[in-house]
Novice: 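I am attaching a structure below and will ask some questions about it afterwards.
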Amino acid sequence: MQTLYDKLWNQHLVHTESDDPGSMALIYIDRHLVHEVTSPQAFESLKLAGRKPWRLNSILAVADHNVPTTDRSQGIQDPISRLQVDTLDQNCDELGITEFKMNDLRQGIVHVIGPEQGATLPGMTVVCGDSHTSTHGAFGCLAFGIGTSEVEHVLATQCLLMKKSKTMRISVEGNLGLGITAKDIALAIIGEIGTAGGTGYAIEFTGSAIRALSMEGRMTLCNMAIEAGARAGMVAVDDTTIDYIKGRPFAPKNELWNSAVAFWRTLRSDADAVFDRTVTLDATQIKPQVTWGTSPEMVTTIDGIVPDPACVPDEVKRHDMQQALNYMGLSANTPIQKINLDKIFIGSCTNSRIEDLRAAAQIVKGKHIAANIKLALVVPGSGLVKKQAEQEGLDQIFRSAGFEWREPGCSMCLAMNDDRLTAGERCASTSNRNFEGRQGPGGRTHLVSPAMAAAAAIAGHFVDVRKLSN
Amino acid sequence: MEKFETITALVAPMDRANIDTDAIIPKQFLKSIKRTGFGQNLFDEWRYLDHGEPGMDSSQRKLNPAFILNQPRYQGVEILLARANFGCGSSREHAPWSLQDYGFRVIIAPSFADIFFNNCYKIGLLPVVLDAAILDYLFEEVKSIEGYRLTVDLQNQKIISPKREEFTFEIDIFRKQCLLNGLDDIGLTLQHAEKINQFEQKRRNEQPWLFM
């Protein structure tokens, strides 16, 4: 009686020293996604050791963290960013690795393009030198982030040395209310179990509310598993998964498609599988979420207030909360809806897919951003998402509302390119981390769903999307 | 990788939970294509009064005197005491690289984020998990006793205080052997190359769509 995680683990187990579940195992890797920030040192060491990639067609590369989201016809202006992207291009050209270069229509955020291309398939192990690799678990994959030494290890051996995780089932039952999204589920879960709640676990998301999510929603949810401390998040395969994959460039075709689908349908936990921990949430009770602090667990609901550290008995926690409030420039007991904003960011591997852009566009259609909003950015997750949005006229809706419509990349999620907050600026962001300095030194991040970010752009402060007339 | 021998070294306390990888090494420094030189930008936003960018001469920058690692008593530190969930956030190995480049050999905390924890072993930086109550005690000791040094005996899995108190820690046997012997993971894995080949061939036959 196996969980989905057990099945995926066993199907990839190449070697283990003993049957002890705590012992190190050699796990085979099917898909290796590569980007410019965490790969150059791995390629360099590989070369110095006189080694070659084990299996070239397992690798798909793209530059996303450093690329400009404005005009790209002149290349990258920042010489240090340019060197990193050029280094990726050179390494891929030299070794014969498939790469979507910056001006390729298929370029985009690595966690958007993998699924979009069908390069992420059910039953795979998927790794990337990026913690948000958990995103791909939405397809019934075992997907997790790795460090640069492990990037080199996978390049050289097609395997990773690892220990089996414990399993956690997070079951979300019932119907989500109107205007409530996967992002709200993710933040509500993190609020419940904390940013270390999933440490040591692989999480499977189950329940009727999860089954009802689109693939975009499931990706958002699995993406944030790492913010709950879990390296991997996953959702079992169903019709939604299979419908999404069909016809994508890297997906199997014809007879192979039928065999693949038959196998993929086995990728679910057995009914009587036992998990090490189970958490249950009532979907009907989830409200729009807004973070107020400098960790994703510092989160409350749109009708809530900034909490008061004085009410927290634990000394370390109280101190951290006070530090967060100081950094965020917030006072205890301030209603969330009274928090005014300077910038809006709609994008990132969490929320930059077509469904996210549609949800935001629906809110801003026929309206205009508030006078106090200095900049409102929409950064599509890939060139193909951008193209589709433009075909649907979403770019015009955003532009008319005063938003800037940009080229795809990680952008202001981590501000490695020119998109960033300046000190003291406050941003409603659809990204995944509200750490100090994440969106720019001194910048203040509030994590929300795309609809909530869009509504905040129009009002100039946080508002409850459930109460908007349209 | 360098072998990890028993060390006795100066300790510094970072009394804050959830220290994330963006705080350990801010993203503007991730643009380097090298593995070395990150130590000068460890905790950059807390450590300096100005905003740091790659290429700046760190020796000319104004240090934040309030930041713990800038205090004279903690110069030459090799062991860091930290609170829960140390290293949460990104998978960037730049975080352990920068801690190691600064001079740290050991990080002691009640818990670590998974990816960070794993990355540390790959470069020979030892993350040690001790009970929160023991950490509370060590924080008190290091704050009140200037020049406080701990001994880390990896072979016997013990942290030893100047008062000869001993705190045992757990470590996976494989990881311990790799650290003690300075073994290269890739070399070890390639000893199983034949097994990997067989596994791959079987997988290719059963799920050919994974190999297109």
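Residue numbers start from 1 in every chain, and the chains themselves are labelled A, B, ... in the order their sequence lines are given, proteins ahead of strands. Heavy atoms only: backbone and side chains are in, while hydrogens, waters and symmetry mates are out. All values derive from a computational prediction rather than experimental measurement.
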Novice: So for Lys163(A), is it side chain, backbone, both, or neither that comes closer than 4.5 Å to the heavy atoms of chain B?
Specialist: side chain

Novice: Determine, for Asp22(B) against Arg433(A), whether the closest basic-nitrogen to carboxylate-oxygen distance falls under 4.0 angstrom.
Specialist: no

Novice: Side chains of Gln207(B) and Asp30(A) only: does a donor on one sit below 3.5 Å from an acceptor on the other?
Specialist: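 No, no side-chain donor-acceptor contact under 3.5 Å.
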
Novice: Cut-off 3.5 Å, side chains only: do Trp97(B) and Gln41(A) have a donor facing an acceptor?
Specialist: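 The criterion, which ignores hydrogens and geometry beyond distance, is not satisfied for Gln41(A) and Trp97(B).
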
Novice: Heavy-atom distance under 4.5 Å to chain B: side chain of Trp257(A), backbone, both or neither?
Specialist: neither

Novice: For Ser39(A), is it the side chain, the backbone, both or neither that has a heavy atom under 4.5 Å from a heavy atom of chain B?
Specialist: neither

Novice: Look at Arg51(A) together with Asp184(B) and state whether they make a salt bridge at an N to O cut-off of under 4.0 Å.
Specialist: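 Judged by the 4.0 Å cut-off on N to carboxylate O distance, Arg51(A) and Asp184(B) do form a salt bridge.
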
Novice: At their closest point, which heavy atom of Ala156(A) faces which heavy atom of Ile186(B), and how far apart are they?
Specialist: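 So the two residues come closest at CB-CG2, 3.8 Å.
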
Novice: Quick check on the interface: out of Ile226(A), Leu121(A), Asn66(A), Thr195(A), who has the most heavy-atom pairs with chain B under 4.5 Å?
Specialist: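 The option with the most such pairs is Thr195(A).
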
Novice: Give me the atom names and distance for the closest heavy-atom approach of Glu45(B) to Gly437(A).
Specialist: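 Heavy-atom minimum between the residues: OE1-CA, 3.7 Å.
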
Novice: In terms of heavy-atom proximity below 4.5 Å to chain B, should His12(A) be classed as side chain, backbone, both, or neither?
Specialist: both

Novice: Once you measure the plane-to-plane angle for Trp264(A) and Trp209(B), does it fall in the parallel (<30°), tilted (30-60°) or perpendicular (>60°) bin?
Specialist: perpendicular

Novice: Quick check: closest heavy atoms across Glu297(A) and Asn18(B), and the distance to 0.1 Å?
Specialist: OE2-ND2, 3.6 Å

Novice: Let me know if Asn119(B) has heavy atoms under 4.5 Å from chain A in its side chain, its backbone, both or neither.
Specialist: side chain

Novice: At a 4.5 Å cut-off on heavy atoms, which part of Asn57(A) comes close to chain B: side chain, backbone, both, or neither?
Specialist: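 For Asn57(A), backbone and side chain are both near chain B.
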
Novice: Using every non-hydrogen atom in the two residues, find where Thr189(B) and Cys159(A) come nearest and quote the distance to one decimal.
Specialist: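 Closest approach of Thr189(B) to Cys159(A): CG2-CB, 4.4 Å.
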
Novice: With only heavy atoms counted, which part of Thr87(A) is less than 4.5 Å from chain B, the side chain, the backbone, both or neither?
Specialist: side chain

Novice: Measure across Thr38(A) and His94(B) and return the closest heavy-atom pair with its distance rounded to 0.1 Å.
Specialist: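 Closest approach of Thr38(A) to His94(B), heavy atoms only: CG2-CE1, 4.3 Å.
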
Novice: Side chain, backbone, both or neither: which part of Leu26(A) has an atom under 4.5 Å from a heavy atom of chain B?
Specialist: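 Just its side chain gets close to chain B.
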
Novice: Have Arg35(B) and Thr148(A) got a donor and an acceptor in their side chains that come within less than 3.5 Å?
Specialist: no

Novice: What heavy-atom pair brings Leu414(A) and Arg92(B) nearest, and what distance separates the two atoms?
Specialist: CD1-NH2, 4.3 Å

Novice: Side chain from CB out, backbone as N, CA, C, O: work out which of these in Ala23(B) comes under 4.5 Å of a heavy atom of chain A, or both, or neither.
Specialist: neither

Novice: Are side-chain N/O atoms of Arg16(B) and His319(A) paired as donor and acceptor at under 3.5 Å?
Specialist: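 The answer is no; no qualifying pair exists.
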
Novice: Between Glu36(A) and chain B, with a heavy-atom cut-off of 4.5 Å, which part of the residue counts as in contact: side chain, backbone, both or neither?
Specialist: neither

Novice: Where on Val316(A) is there a heavy atom nearer than 4.5 Å to chain B: the side chain, the backbone, both, or neither?
Specialist: side chain

Novice: Check this for me, if you would: do Asp78(A) and Lys31(B) make a salt bridge, where the nitrogen-to-carboxylate-oxygen distance has to be below 4.0 angstrom?
Specialist: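 A salt bridge is present here (some side-chain N lies under 4.0 Å from a carboxylate O).
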
Novice: Quick one: what part of Ala415(A) sits under 4.5 Å from any heavy atom of chain B, side chain, backbone, both or neither?
Specialist: both

Novice: Can you say whether Ala193(B) sits under 4.5 Å from chain A via the side chain, the backbone, both, or neither, judging by heavy atoms?
Specialist: both

Novice: Given that the side chain runs from C-beta out, which part of Arg420(A) has a heavy atom under 4.5 Å from chain B: side chain, backbone, both or neither?
Specialist: side chain

